[in-house]
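To start, the structure under review is shown below, and the notes come after it.
Note that the structure is predicted; figures quoted are calculated from it, not measured. FYI, side chains are in, hydrogens and waters are out, and symmetry mates aren't considered; it's all heavy atoms of this structure.
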Amino acid sequence: MPAEKETRAVPAWLAIVGIGEDGVAGLGDEAKRLIAEAEFVFGGKRHFDLAGSLVTGEMHQWPTPFDPQMEAVLDRAGRRVCVLASGDPFFHGVGVTLARKVAAADMVVVPAPSSISFAASRLGWALQEVETISLHGRPHDLIRPLLQPGARILALTSDGTAPSRLATLLAELGFGPSRLTVLEALGGPDEVVRSARASDFNLKNINPLNVLALEIESEAQARILPFASGLSDDLFETDGQITKREVRAITLSALAPRRDEVLWDIGAGSGSIAIEWMLSHPSLHALAIEANAERAERIRHNATTFGVPGLTVIEGEAPKALAGLPAPNVIFIGGGGTDAGVFDAALKALLSGGRCVANAVTLEMEALLVARQAELGGTLTRIAISRAAPVGTMQAWRPALPVTQWSWIKP
């Protein structure tokens, strides 16, 4: 049997070195060597202020605006290149961007502790029990689903004004008693840790490099978003066009969200299905297709108040509005299903193995679903809900309109 041929690994051409606020003093020998031996060193002004004394090659400061394609780095592939990063490059850092374009075998990475790790150590918080979120350059509304009584949250921020703005948001939502701790310039000589309640937050001159720690406490009227599907109808702004909570819970179960999937919510009404879909997991995305301009704007508002501002609202009539949209893994048809061409266009766009769920209240839509089930298979379910309501001095059951639901998996 012939001996296996030995292969010699090609040295990695790209080094990514994490730097803390203590600069050169916090770097190990390998990190110092990678910086010193690089022909080209990339980083921000702050990185060069901290570790520029080690650089012997060409220094390239990140352009403004930042180039997410990293062309200047990639153009030097095969040369000795070093990228300076803040803390852990793979925690919402430049390492994540580079890893999408450079193979792991072509990189050597020396991380420093992340600011989140520093914050947890200063507060004595167990990281595995803490919610973490990056609000750096992202809408502050993303924090809304995390606002649960007793929760501890560590948030990366964009600048020195973010803690005050987040405090205002918490107070408006009924979380005024929450304690906010601002941890500034962690790990360096200018480190400062200060705290205040959200309702009377008055900290000034906050360092732009800060982590915000939140200990959530709620008032009676706080807007707390439960983890279960089928959120209260009262939480949504609506003109009556909404999938009611019990039916919505059953519908979300039938839609069966899975990681990274894309949902089309056709005839979205108030956007309740698309919003709860996105609340299921941060990797999920949804497109709410709605012909009525006023309702489309209401969906945008609801998406913001539920902390899923990334929901895409498509204002237009199906099937025309469906053209050119990202292919869906899952489709929900709640309105407009009887319009000519909607079903055919939707099912054609659905990816193989994808799921379609459609709800019918009218006889016309129900007949269409029965016909589709006879043609394509799938499951038909009748959903009947009754609620107790006053009848004189007593109560009786008042049935809601029954809903016929068709669920189907595309071969």
Side-chain angles (χ1 to χ4, degrees), residues 133 135 138-148 165-166 168-175 216 218-219 221-255 257 261-318 321-322 325-326 328 330-337 357-359 361 385 400 403:
I133 187 171
L135 301 176
R138 306 172 74 200
H140 289 175
D141 291 305
L142 290 169
I143 203 169
R144 291 174 182 252
L146 303 183
L147 299 179
Q148 301 284 330
R165 287 183 281 128
L166 282 162
T168 299
L169 177 62
L170 263 65
E172 291 174 350
L173 295 176
F175 298 95
I216 304 302
S218 62
E219 298 168 324
Q221 76 280 12
R223 183 182 170 89
I224 301 169
L225 300 180
F227 295 130
S229 296
L231 300 177
S232 172
D233 297 343
D234 295 337
L235 291 171
F236 295 87
E237 184 177 304
T238 176
D239 61 358
Q241 291 297 313
I242 185 171
T243 303
K244 296 297 192 291
R245 65 180 303 177
E246 299 91 347
V247 176
R248 194 180 333 121
I250 295 171
T251 300
L252 264 293
S253 176
L255 291 170
E261 288 187 326
V262 174
L263 168 75
W264 283 5
D265 181 357
I266 301 175
S270 302
S272 61
I273 292 292
I275 287 168
E276 289 211 34
W277 167 275
M278 289 187 65
L279 285 173
S280 299
H281 194 271
S283 72
L284 296 171
H285 188 59
L287 294 88
I289 297 94
E290 174 55 52
N292 183 287
E294 185 177 340
R295 288 174 183 165
E297 185 57 35
R298 188 176 291 116
I299 294 170
R300 295 184 185 96
H301 171 76
N302 282 332
T304 296
T305 61
F306 279 88
V308 288
L311 171 63
T312 300
V313 180
I314 306 298
E315 188 176 325
E317 292 188 4
L322 307 179
L325 300 183
V330 184
I331 291 174
F332 173 65
I333 303 177
V357 176
N359 288 354
V361 175
I385 305 293
V403 175

Out of curiosity, [X] [atom1] to [Y] [atom2], how far, rounded to the nearest 0.5 Å?
X: D265; Y: I314; atom1: CG; atom2: CD1; result: 12.0 Å
X: L235; Y: R245; atom1: CG; atom2: CZ; result: 8.0 Å
X: I273; Y: T243; atom1: CD1; atom2: OG1; result: 4.5 Å
X: L325; Y: T312; atom1: CG; atom2: OG1; result: 9.0 Å
X: E237; Y: I242; atom1: CD; atom2: CD1; result: 11.0 Å
X: H301; Y: F236; atom1: NE2; atom2: CZ; result: 11.5 Å

So, for [X] and [Y], which heavy atoms are closest and what is the spacing to 0.1 Å?
X: I299; Y: A288; value: CG2-CB, 4.1 Å
X: L287; Y: L311; value: N-CD1, 4.4 Å
X: I133; Y: L142; value: CD1-O, 3.7 Å
X: I289; Y: A321; value: CG2-CB, 4.1 Å
X: G307; Y: P309; value: C-CD, 3.2 Å
X: L322; Y: A318; value: CG-CB, 4.1 Å

With a 4.5 Å limit on heavy-atom distance, are the side chains of [X] and [Y] in contact?
X: E315; Y: R300; result: yes
X: P226; Y: L231; result: yes
X: L252; Y: R248; result: yes
X: I250; Y: V403; result: no

| request: Go through the steps to decide whether N359 and T251 satisfy the test side chain to side chain donor-acceptor pair (under 3.5 Å), and finish with yes or no. | output: CA-CA 8 Å; N359 288 354; T251 300; 3.1 Å; yes
| field | Derivation and outcome, side-chain contact (heavy atoms from CB on, under 4.5 Å), residues V313 and E297 | value | CA-CA 8 Å; V313 180; E297 185 57 35; over 6 Å; no
| said: Once salt bridge (charged side-chain N to carboxylate O under 4.0 Å, His left out) is applied, do any residues pair with R144, and if so which ones, sequence neighbours excluded? | reply: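 Checked R144 against salt bridge (charged side-chain N to carboxylate O under 4.0 Å, His left out); matches are D141.
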Hey, does the side chain of [X] reach the backbone of [Y] with a donor-acceptor pair shorter than 3.5 angstrom?
X: E290; Y: N292; result: yes
X: W264; Y: P326; result: yes
X: W277; Y: H285; result: yes
X: S253; Y: A249; result: no
X: Q148; Y: L225; result: yes

| said: Between I331 and L263, is the side-chain contact (heavy atoms from CB on, under 4.5 Å) condition met? List the steps. | reply: CA-CA 6 Å; I331 291 174; L263 168 75; 5.7 Å; no
| request: Using the ring of F306 (Phe, Tyr or Trp, six-membered ring only), decide whether R223 places NZ or CZ under 6.0 Å from its centre and within 45 degrees of its axis. | output: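 Yes, cation above the ring, under 6.0 Å and within 45°.
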| Is the number of heavy atoms from other residues, nucleotides or ligands under 6.0 Å of Q221 CD greater than 12? |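 Yes, enclosed.
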| request: Count the heavy atoms belonging to other residues, nucleotides or ligands that lie under 6.0 Å from CD of E246, then report whether that count exceeds 12. | output: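 Count over threshold, so yes.
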| Given the rule in the side-chain contact (heavy atoms from CB on, under 4.5 Å) test, do S270 and N302 qualify, once you have shown the distances and angles that lead to the verdict? | CA-CA 8 Å; S270 302; N302 282 332; 4.1 Å; yes
| Going through the checks in order, is the side-chain contact (heavy atoms from CB on, under 4.5 Å) test met by L284 and H281? | CA-CA 6 Å; L284 296 171; H281 194 271; 4.0 Å; yes
| message | Check this for me: does any side-chain nitrogen of one of D239 and R298 sit under 4.0 Å from a carboxylate oxygen of the other? | response |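 Salt bridge: yes.
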